[in-house]
Amino acid sequence: MSLENIEHIVLVLSGKGGVGKSSITTQLALALSLQGRSVGVLDIDLTGPSIPRFFGIEDAKVKQAPGGWVPVSVHDAQPAGPSSDNGQAPRSGNDLGSLRCMSLGFLLGNRGDAVVWRGPKKTAMVRQFLSDVQWGALDYLLIDTPPGTSDEHISLVETLLKQTSPGQVAGAVVVTTPQAISIADVKKELNFCKKTGVTVLGVVENMAGFVCPSCAECTNVFSKGGGEVMATEFSVPFLGSVPIDPMFVMLIEEGKRPVYPKGTVVNGKNMEENETATNGNQEHDRDEGRLVEKYTSCSLHPIFDGIVRQLVTRLEG
């Protein structure tokens with residue numbers, strides 16, 4: 001019953017650990033919200049629940065309600081003005097869609113607590129997350145998964161197939177990094193999707209470059225292009241390459257709005273309007289505002305805006 005009013009369920013998968021699934025999930029959620037979609041994020045990485053930290057809501061607590069848990073709100077919807085940037089009202093009628101999260105991290109005493117569980121308890125927890133969280137009406141539910149193709153993944157797919165209507169599970173976004181050793185492991189995830197009948201919506205190549213915070217260069221420190229080659233090999237869409245941006249890390253860890261040296265260009269987008277602050281008032285402004293508002297100043301936002309538009313076009317026609 002908790003999933004019945006969700007239009008599209010999207011899994012974020014990878015057969016490799018450390019490729020940045022939680023980072024990708026976070027930015028997909030922010031980009032969808034900025035396009036007026038209501039979004040939920042479910043973190044089923046039970047031994048390493050990092051979604052609360054990415055959204056800056058680690059101290060929040062999940063509330064109990066009749067029938068289950070109430071997810072933690074990151075921000076509420078903001079009604080649309082007369083028109084959006086392209087002259088048309090967003091599909092949902094909002095300039096900013098609501099964003100809510102659920103994670104085991106909210107249920108732990110502190111973030112340093114270890115979750116030492118065997119497979120059956122993990123499986124039971126995944127099923128409880130899928131049945132007992134009261135999401136309400138959502139356009140998208142993004143599910144952040146642990147690496148691999150084991151207990152949590154099998155339980156997740158089996159439960160979704162039982163509890164959802166046909167077409168409600170839209171498919172999976174598969175995350176890799178450019179290195180050959182990562183791609184070799186991620187290919188296993190693509191085979192997992194094929195065996196379980198999960199549609200692959202596309203591949204995202206993460207860590208494809210490094211945005212230098214000092215010299216305005218974006219260097220391919222881990223090479224680039226391996227994810228696109230893999231997508232072509234498996235005949236699935238390639239959604240885009242995402243560089244490492246230290247300013248995004250600062251946004252998550254310190255809550256500061258990203259700023260860039262003059263001349264910084266990332267994926268064809270000139271970030272000069274975010275030239276580094278030089279006085280106390282501007283530095284104070286970097287701390288003001290909600291996460292989603294600060295994210296619009298990040299070099300990665302235009303990249304994820306494009307990725308999300310590809311997904312929305314495919315899923316909403």
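No side-chain heavy atom of F210 sits less than 4.5 Å from a side-chain heavy atom of P243. Within the 4.5 Å cutoff, no side-chain heavy atoms of K194 are placed close to those of F234. Taking 4.5 Å as the limit, every side-chain heavy atom of V204 sits out of range of all side-chain heavy atoms of V174. Inter-residue side-chain proximity for W117 and L104 is flagged as met; some heavy-atom pair is nearer than 4.5 Å. Considering only heavy atoms from C-beta on, L42 stays 4.5 Å or farther from D144 through its side chain. Proximity of L141 to H8: side-chain heavy atoms (C-beta onward) are nowhere separated by under 4.5 Å. Counting only heavy atoms from C-beta outward, the side chains of L311 and V10 never approach each other to under 4.5 Å. In this structure, F304 and C298 have side chains that are not in contact, with every pair of non-hydrogen atoms separated by 4.5 Å or more.
With values rounded to the nearest 0.5 angstrom, L11 atom CG is found 5.0 Å from I143 atom CD1. One distance of note links CG of L46 with CG of L108; it measures 9.5 Å at 0.5 Å rounding. Considering CD of Q179 and CE of M207, their distance stands at 8.0 Å, rounded to 0.5 Å. Between E233 atom CD and I183 atom CD1 the span is 9.5 Å, to the nearest 0.5 Å. Atom NZ in K21 sits 5.0 Å away from atom OG in S14 (nearest 0.5 Å). Here the CG atom belonging to D45 is positioned 5.0 Å from the OG1 atom belonging to T47, to the nearest 0.5 angstrom.
In summary, the side chains of E228 and T232 do not present any donor paired with an acceptor at a separation below 3.5 Å, with no hydrogens or angles considered. Residues S22 and S50 have side chains that bring a donor and an acceptor to within less than 3.5 angstrom of each other. In summary, the side chains of R257 and S297 do present a donor paired with an acceptor at a separation below 3.5 Å, with no hydrogens or angles considered. The closest side-chain donor-acceptor pair between T177 and S182 falls under 3.5 angstrom. In summary, the side chains of S38 and D139 do present a donor paired with an acceptor at a separation below 3.5 Å, with no hydrogens or angles considered. Residues S98 and D76 have side chains that never bring a donor and an acceptor to within less than 3.5 angstrom of each other. With no hydrogens or angles considered, no side-chain donor-acceptor pair links H153 and T196 at under 3.5 Å.
L13 and V203 are not part of a single hydrophobic cluster, where members link through side-chain heavy atoms under 4.5 Å apart. By the criterion of side-chain heavy atoms lying less than 4.5 angstrom apart, applied directly or through intervening Ile, Leu, Val, Met, Phe, Trp or Tyr residues, V198 is not grouped with L190; the two fall into different hydrophobic clusters. In this structure, V70 is not a member of the same hydrophobic cluster as M102, with clusters built from ILVMFWY side-chain heavy atoms closer than 4.5 Å. Following chains of ILVMFWY side-chain contacts shorter than 4.5 Å, one cannot reach V249 starting from I303, and the two form parts of different hydrophobic clusters. Transitive grouping of hydrophobic side chains (ILVMFWY, heavy atoms separated by less than 4.5 Å) keeps L239 and V200 in distinct clusters.
Looking at E58, its side chain never comes within 3.5 Å of a backbone N or O of P52 through a donor-acceptor pair. N206 places a side-chain N or O within 3.5 Å of a backbone atom of V19 that can act as its donor or acceptor partner. Of the possible donor and acceptor atoms, none in the side chain of K16 sits under 3.5 Å from a partner among the backbone N and O of A184. Side-chain atoms of Q27 never come within 3.5 Å of backbone atoms of I24 as a donor-acceptor pair (strictly under, hydrogens ignored). The closest donor-acceptor contact from the side chain of T123 to the backbone of G119 lies under 3.5 Å. A donor-acceptor pair under 3.5 Å is absent between the side-chain atoms of E7 and the main chain of Q168, judged by distance alone. When atom types are taken as modelled, the side chain of S2 and the backbone of L130 share a donor-acceptor pair closer than 3.5 angstrom. In this structure a side-chain-to-backbone donor-acceptor pair under 3.5 Å is missing from E205 to S241. Side-chain N or O atoms of E152 include none that pairs as donor or acceptor with a backbone N or O of P146 at under 3.5 Å.
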Step-by-step side chain to side chain contact (heavy atoms under 4.5 Å, CB included) determination, S155 to R127
CA-CA 7 Å; S155 175; R127 289 175 177 165; 3.6 Å; yes

Which is it for D305 and Q35 under the side chain to side chain contact (heavy atoms under 4.5 Å, CB included) test, yes or no, and what are the steps along the way?
CA-CA 8 Å; D305 185 67; Q35 292 187 20; 2.9 Å; yes

Checking V74 against R100 for the side chain to side chain contact (heavy atoms under 4.5 Å, CB included) test, could you report, in this order, the C-alpha distance in whole Å, the side-chain angles of both residues, the deciding distance, and whether it holds?
CA-CA 5 Å; V74 179; R100 287 168 278 177; over 6 Å; no

Side chain to side chain contact (heavy atoms under 4.5 Å, CB included) between V242 and L300, worked out
CA-CA 7 Å; V242 181; L300 304 184; 4.0 Å; yes

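Shown here for W135 and L3, the closest heavy-atom pair between the two residues is CD1-CD2, 4.3 Å. The two residues F238 and A231 make their nearest non-hydrogen contact at CB-CB, 3.9 Å. Contact record, V308 with A31: CG2-CB, 3.6 Å, taken as the closest heavy-atom pair. P237 and R314 get closest at one heavy-atom pair: CG-NH1, 3.6 Å. When every heavy atom of Q134 is checked against every heavy atom of G67, the shortest pair comes out as NE2-O, 3.0 Å. The two residues R290 and Q78 come nearest to each other via the heavy atoms NH2-OE1, 3.3 Å.
With sequence neighbours left out, the ring pair (Phe, Tyr, Trp, His ring centres under 6.0 Å) criterion links H301 to Y295. Not a single ring pair (Phe, Tyr, Trp, His ring centres under 6.0 Å) links F54 to another residue, sequence neighbours left out. Residues satisfying the ring pair (Phe, Tyr, Trp, His ring centres under 6.0 Å) test with F129, not counting sequence neighbours, are W69.
In this structure, E316 pairs ionically with R37, as a charged nitrogen and a carboxylate oxygen lie closer than 4.0 Å.
Residue-environment remark: NZ (K61) exceeds the threshold of 12 foreign heavy atoms within 6.0 Å.
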